[in-house]
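Below is one structure; the comments refer to it alone.
Note that the coordinates shown come from a computational prediction; the quantities given were computed from them, not determined experimentally.
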Amino acid sequence: MTKRMHPIAVDTAENGDVVLTQAIGDLNEPDPEIRIAPEQAAVVCGWIQQAAGGVPATLYTDDRGPELESIEVYINAAGMVNIKVNEEVRLEISPVMAKRLREQLSRAITESLTDLLRPDAEA
């Protein structure tokens, strides 16, 4: 199987747009360019990560050390799923990614219970 990564560049235009350019090496054609508004960047990154199979999230923190907290889950005004750890720490993800996170959590819990209930080889 052949694998190849095309060179990609990310830049900021004078008007503030984010510009993605991919070098194709064709002397007769300009390199393809995608322009997105700065406020679209996070959404496009989420789409790219979703296509890649990851769980994108935005974490807000104040750089404190670990503390025991009570976690709350709610939907904000923008329709995003928020996992609130404390007043300073909040994880914000899209509903689609929340569903993917739930699936991964379910799989991890199942594997954890499988290991917990597995007979002890030394008994």
Side-chain angles (χ1 to χ4, degrees):
M1 172 177 20
T2 302
K3 295 182 182 183
R4 182 178 3 167
M5 180 179 282
H6 297 281
I8 187 168
V10 179
D11 200 358
T12 306
E14 289 180 16
N15 68 350
D17 283 352
V18 177
V19 181
L20 304 170
T21 308
Q22 188 171 44
I24 58 171
D26 187 341
L27 298 175
N28 298 318
E29 295 289 329
D31 291 336
E33 183 178 279
I34 298 172
R35 289 178 169 264
I36 59 174
E39 55 273 5
Q40 293 176 304
V43 174
V44 172
C45 286
W47 290 348
I48 292 169
Q49 289 179 329
Q50 180 181 357
V55 179
T58 304
L59 179 63
Y60 302 92
T61 182
D62 67 350
D63 296 329
R64 282 197 322 236
E67 295 180 15
L68 183 60
E69 301 287 348
S70 177
I71 296 174
E72 298 174 26
V73 178
Y74 62 94
I75 303 295
N76 67 10
M80 300 294 280
V81 175
N82 281 251
I83 302 170
K84 181 180 175 183
V85 178
N86 59 35
E87 294 302 318
E88 296 82 23
V89 179
R90 179 173 46 94
L91 182 68
E92 182 179 277
I93 58 178
S94 73
V96 172
M97 292 301 101
K99 185 175 181 180
R100 183 172 291 162
L101 177 61
R102 181 186 65 196
E103 291 167 357
Q104 290 182 4
L105 285 169
S106 294
R107 192 171 31 252
I109 291 167
T110 300
E111 291 172 5
S112 173
L113 290 176
T114 301
D115 288 342
L116 177 68
L117 299 174
R118 185 171 295 158
D120 188 352
E122 305 212 7

Worksheet item: Heavy atoms, side chains only, cut-off 4.5 Å: are Ser94 and Val81 in contact?
Response: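 Side-chain contact under 4.5 Å: no.
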Fill in: Pairs satisfying side chain to side chain donor-acceptor pair (under 3.5 Å), at least one member in residues 33-46, at least two apart
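Passing the test, one end in residues 33-46: Glu33-Arg35.
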Is there a path from [X] to [Y] through hydrophobic residues (I, L, V, M, F, W, Y) whose side chains come within less than 4.5 Å of each other?
| X | Y | value |
| --- | --- | --- |
| Val89 | Tyr74 | no |
| Met80 | Val73 | no |
| Val19 | Ile8 | no |

Discussion item. With rounding to the nearest 0.5 angstrom, report the CD to CE distance, Glu103 to Met97.
Written reply: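 Reported value, rounded in 0.5 Å steps: 9.5 Å.
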Practice prompt. Rounded to the nearest 0.5 Å, what's the gap from CG on Asn82 to CD1 on Ile75? Could you check?
Written response: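 It is 7.5 Å, given to the nearest 0.5 Å.
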Worksheet item: Which residue pairs pass the salt bridge (charged side-chain N to carboxylate O under 4.0 Å, His left out) test with at least one member in residues 72-85, sequence neighbours excluded?
Response: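 As it turns out, the salt bridge (charged side-chain N to carboxylate O under 4.0 Å, His left out) pairs with a partner in residues 72-85, which skip direct neighbours, are Lys84-Glu87.
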Worksheet item: Do you know the tightest heavy-atom contact between Gly16 and Pro38?
Response: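 It is O-CG, 3.1 Å.
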Fill in: Taking every non-hydrogen atom, the tightest pair across Gly79 and Pro95
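Heavy atoms only, the tightest pair is O-CG, 3.3 Å.
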Practice prompt. Look at the side chain of Ser112 and the backbone N and O of Ala108, then say whether any donor-acceptor pair between them is shorter than 3.5 Å.
Written response: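 Not confirmed, Ser112 side chain does not pair with Ala108 backbone.
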Worksheet item: Distance-only, no hydrogens or angles: does the Asp31 side chain make a donor-acceptor pair with backbone N or O of Ile24 under 3.5 Å?
Response: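 A pair under 3.5 Å: yes.
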Practice prompt. Before giving the answer on side chain to side chain contact (heavy atoms under 4.5 Å, CB included), spell out for Leu101 and Ile83 the whole-Å C-alpha distance, their side-chain angles and the decisive distance to 0.1 Å.
Written response: CA-CA 12 Å; Leu101 177 61; Ile83 302 170; 4.2 Å; yes
